Structure formats: C-alpha cells, structure tokens
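Just so it is clear, the values below take in all heavy atoms, side chains as well, and ignore hydrogens, waters and symmetry mates. Quick caveat, the model's predicted, so the values are computed rather than measured.
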Amino acid sequence: MLATFAFDVCHDVYLAAREAIDMKIPTLNAESSGKYQWRPDRMPRLAEYVCDFARAGERALGFNSFDGTRKGIQADGSRPLTTRACPTLFRASRVAMFRVFYLGGADYQAARRHLGISELTWADWAEEIRKDVGRELTRTGVFPPSKYFRETTAKAS
C-alpha cells in the first residue's frame, strides 16, 4: 500500500517537474540574461528529481542503464556479478512499459497497442511496476518529495 502510494505521489511530482522543465526556455544571449550571475545551490533541483525518478524505476525493474547490464539469471543459470544481495530479475516488458507510459507520457491506448498487451496484462504489470518502483523510491529517499527537496546534494565547503 505505501509503495504504490509513494509511486503515485512521486509520479505526479515527476510529471509536474517534466512539464516545468519542458516549458523553460534557456537564455542564449548573455547580455539579455540580466545583471545577476547564476550561482549553483546545493539543494536538489527539478532536473535531478526527474533523473532520480527514472533511475530508481529502472533499477527497481532490474535494468542498470548506467552500464547497460541486466540483473537476473544468465543463460547458463549462474548469477552475474552485477546482482547484489537482493537480486531482481530483469523484466524487459516492464521496463518498456515504464519508459513508454510512465516516463514518456504516452496515452494508455497507444502504449497498450505499442506493447501489444491486453487490458488485464496491463493492469497486472502496472500494479507490479507501481509496487516495485515505489519501494525503490522510498528506499533511495526520493519519497517523500518534501524531504527530498529539503536535503542538500553536496556538503558546504
């Protein structure tokens, strides 16, 4: 219950963050940017939240996009070196659904047709994704978002 709630809350924040980022138009002309210079802060930003949400989702579903490896059992039955204490089977179908629907924002019917699955399979996979990713979002500190945005990303020098 908490895991699916965590996913729903984080996904809503993700959608709002993506919309805010997509609406921003960067200033290309330094003279028109004003008299103030940009100084980085140490608080997590919206772009970092978007990345953390996506990475937590892929990690929860067993795909390590950083090095392109998949966690799970290899063809010869042995466990790969990338599997940690809590092995997760790689589920390409769930990763595809997560990327197309939850990250990409595709329409439900279009995403279902793209994946070629029935409504019942969609419901089962969606619940599984929400539960697994929600658990990972809680574990990594992305949930609750209010706490995520209060914490600093780097220590002050």
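With sequence neighbours excluded, the residues satisfying side-chain contact (heavy atoms from CB on, under 4.5 Å) with Leu15 are His11. Under the side-chain hydrogen bond (donor to acceptor under 3.5 Å, both in side chains) criterion, Thr121 pairs with Ser118, sequence neighbours left out. Scanning for side-chain hydrogen bond (donor to acceptor under 3.5 Å, both in side chains) contacts around Glu127 gives Arg130, with sequence neighbours left out. Take Gln109 and apply the side-chain hydrogen bond (donor to acceptor under 3.5 Å, both in side chains) test, not counting sequence neighbours, and it matches Arg112. Judged as a side-chain hydrogen bond (donor to acceptor under 3.5 Å, both in side chains), and not counting sequence neighbours, Ser146 has no contacts. Among residues two or more places apart in sequence or in another chain, the salt bridge (Lys or Arg N to Asp or Glu O under 4.0 Å) test is passed with Asp132 by Arg91, Arg135.
Between Asp52 and Thr140 the shortest side-chain heavy-atom distance does not fall below 4.5 Å. Between Leu115 and Trp122 the shortest side-chain heavy-atom distance falls below 4.5 Å. Using a 4.5 Å heavy-atom cutoff, the side chains of Glu136 and Phe143 are not in contact. Looking at heavy atoms from C-beta onward, Arg94 lies out of side-chain contact with Arg99 at the 4.5 angstrom threshold. Under the 4.5 Å side-chain criterion, counting only non-hydrogen atoms from C-beta, Tyr148 is not in contact with Cys10.
Within 6.0 Å of CD on Glu128 lie more than 12 heavy atoms contributed by other residues, nucleotides or ligands.
Remark: the Tyr14 side chain and the Arg18 side chain contain an N/O donor-acceptor pair separated by less than 3.5 Å.
A salt bridge between Glu48 and Arg45 is absent, with no side-chain N of the basic residue lying under 4.0 Å from a carboxylate O of the acidic one.
Contact between Ala106 and Phe101 at its shortest, heavy atoms only, is O-CD1, 3.2 Å. Considering every non-hydrogen atom in both Phe98 and Gly57, the closest pair reads CZ-CA, 3.6 Å. For the residue pair Ala60 and Val133, the shortest heavy atom distance occurs at CB-CA, 3.8 Å.
Note that SG of Cys51 is 11.0 Å distant from CG of Leu46, once rounded to the nearest 0.5 Å. Between Thr4 atom OG1 and Ile129 atom CD1 the span is 13.5 Å, to the nearest 0.5 Å.
Val100 and Ile117 sit in two unconnected hydrophobic clusters of ILVMFWY residues. Membership requires side-chain heavy atoms under 4.5 Å apart, directly or through other members.
In this pair, Phe7 and Tyr102 present their aromatic rings perpendicular. The plane angle is above 60°, beyond the 30 to 60° band.
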